[in-house]
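What follows is a single structure, written as structure tokens, with notes after it.
Atoms considered below: every heavy atom in the structure, side chains included; atoms not considered: hydrogens, waters and symmetry mates. Residue numbers start from 1 in every chain, and the chains themselves are labelled A, B, ... in the order their sequence lines are given, proteins ahead of strands.
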Number of protein chains: 2
Amino acid sequence: MRRDIFQAIADPTRRAILTLIALQAMTPNAIAENFNTTRQSVSKHLRILTECELVKQEQQGREIYYSLEVEKIKEVDEWVSQFRKLWETRFNQLDDVLSTLKQQHK
Amino acid sequence: MRRDIFQAIADPTRRAILTLIALQAMTPNAIAENFNTTRQSVSKHLRILTECELVKQEQQGREIYYSLEVEKIKEVDEWVSQFRKLWETRFNQLDDVLSTLKQQHK
DNA sequence: TTTATGTGCAACCATTCGGTTTCGCAAGCT
DNA sequence: AGCTTGCGAAACCGAATGGTTGCACATAAA
């Protein structure tokens, strides 16, 4: 029962769910209508997303609305950021090459 | 045999490998020394990382040096970026709350 | 040429994953 | 009170995952 964010977003359906509920909270049934799968399957995905706090629930009568915990996605952003400086450096190097080529054209 | 980046970075060992070879290319044996696992296991991870182009290899004699394809990680960054505006908005809202509280103190 | 080293690959195994089916429960409707 | 609806949880199943072991094939060293 590994429960970390990276394992959670590994599944394409779960990523789609996150995108879907990013703007407005939705019920499991409403979410399931957007995919070729059953409500129970979506329910399982929601459980995983809830367990690693990517999603929060809010009961309203007999319906449960799920919405995105956007703060949690920052953790992915933080992991990516360790590499960001690398591709920025590479970009700058490309920049240097381009300006050198420009110089040679003059 | 799903081969997408998100599935690739789902495994903590693979994420550690990416961090490890981000700054300098390394051989499978050298990489394996950093983990409590066998060379063959690392080799399998490297194959997965290579297949989804997160890593590139360079043969040198009988050794194979693996290094990071930093450009590919941008794809994760792009996925995250769809949520970035959300947490920035939330931050601004918090900002508004704080300045309102500040006003009330005056 | 023989031996040692670095590597990938295939076979195997226990575990996990994602999906479906079935069930039970609680909230609303008639 | 009955019936319907929305939901989670458990049981089950085929497929995928991560690890180990054993092998084959190069390259380098003796």
Side-chain angles (χ1 to χ4, degrees), chain A residues 1-21 24-69 72 76 79, chain B residues 1-21 24-69 72 76 79:
Chain A
M1 212 200 301
R2 208 172 3 125
R3 276 304 102 95
D4 67 284
I5 319 178
F6 291 94
Q7 189 262 342
I9 65 170
D11 185 84
T13 303
R14 282 197 288 269
R15 288 200 301 279
I17 290 176
L18 292 177
T19 302
L20 198 58
I21 64 174
Q24 56 171 353
M26 291 176 77
T27 64
N29 264 322
I31 294 169
E33 282 171 10
N34 291 274
F35 305 101
N36 301 336
T37 182
T38 58
R39 175 192 60 80
Q40 284 87 342
S41 170
V42 168
S43 191
K44 264 185 147 185
H45 285 306
L46 286 171
R47 195 163 80 92
I48 291 169
L49 292 171
T50 305
E51 278 176 7
C52 62
E53 296 172 309
L54 270 166
V55 145
K56 63 172 181 286
Q57 7 180 328
E58 196 180 338
Q59 185 116 16
Q60 219 163 88
R62 67 182 168 187
E63 294 181 330
I64 300 178
Y65 283 85
Y66 286 86
S67 59
L68 181 67
E69 278 284 17
K72 201 68 180 181
V76 181
W79 182 79
Chain B
M1 213 199 301
R2 213 178 352 128
R3 276 303 102 96
D4 66 284
I5 319 180
F6 291 94
Q7 188 262 343
I9 65 170
D11 185 85
T13 303
R14 283 197 287 270
R15 288 201 301 281
I17 290 176
L18 292 177
T19 302
L20 199 59
I21 65 173
Q24 56 170 353
M26 290 175 78
T27 64
N29 264 321
I31 294 169
E33 282 171 12
N34 291 273
F35 305 102
N36 301 335
T37 182
T38 58
R39 177 191 60 80
Q40 282 87 342
S41 170
V42 169
S43 191
K44 264 186 147 183
H45 286 306
L46 286 171
R47 196 163 79 93
I48 291 169
L49 292 172
T50 305
E51 278 175 7
C52 62
E53 296 172 312
L54 270 165
V55 145
K56 63 170 179 288
Q57 8 180 330
E58 197 180 337
Q59 186 118 16
Q60 220 163 86
R62 66 183 168 187
E63 294 181 328
I64 299 177
Y65 283 86
Y66 287 87
S67 59
L68 182 66
E69 278 284 18
K72 201 70 179 179
V76 180
W79 182 80

>> From C-beta outward on B:Thr13, which listed nucleotide comes closest to its side chain: C:dG19, D:dC7, D:dG19?
In response: D:dG19

> Where the side chain of A:Thr38 is concerned, which of C:dC17, D:dC7, C:dT20 is the nearest nucleotide?
Replying inline: C:dT20

> Considering only side-chain heavy atoms of A:Gln40, which listed nucleotide, D:dC7, C:dT22, C:dG8, is closest?
Replying inline: C:dT22

> The side chain of A:Gln7 lies closest to which of these nucleotides: D:dT17, C:dC17, C:dT20?
Replying inline: C:dC17

> Below 3.5 Å, does any donor atom in the side chain of B:Lys44 face an acceptor in the base of D:dG19, or the other way round?
Replying inline: yes

> Do B:Arg14 and D:dG18 have a side chain to base donor-acceptor pair shorter than 3.5 Å?
Replying inline: no

> A:Leu49 and A:Ala8: which non-hydrogen atoms are nearest, and at how many Å?
Replying inline: CD2-CB, 4.3 Å

>> I want to check one thing: is the phosphate of D:dG19, taken as OP1 and OP2, less than 4.0 Å away from some side-chain N or O of B:His45?
In response: yes

> Heavy atoms, side chains only, cut-off 4.5 Å: are B:Val55 and B:Glu69 in contact?
Replying inline: no

> Between A:Arg15 and B:Asp4, is a salt bridge (charged side-chain N to carboxylate O under 4.0 Å, His left out) present by the stated rule, with each step listed?
Replying inline: CA-CA 13 Å; A:Arg15 288 200 301 279; B:Asp4 66 284; 3.8 Å; yes

> Looking at the side chain of B:Pro28, which of D:dC7, C:dT7, D:dG19 is the nearest nucleotide?
Replying inline: C:dT7

> Which of these nucleotides, C:dC9, C:dC17, D:dG8, is closest to any side-chain atom of A:Arg3?
Replying inline: C:dC17

>> Let's see if you can work this out: which of D:dT5, D:dT20, C:dG18 has an atom nearest to the side-chain heavy atoms of A:Arg62?
In response: D:dT5

> Is there side-chain contact between A:Ile48 and A:Arg3, with heavy atoms separated by less than 4.5 Å?
Replying inline: yes

> Out of D:dT20, D:dT17, C:dC17, which nucleotide sits closest to the side chain of B:Thr37?
Replying inline: D:dT20

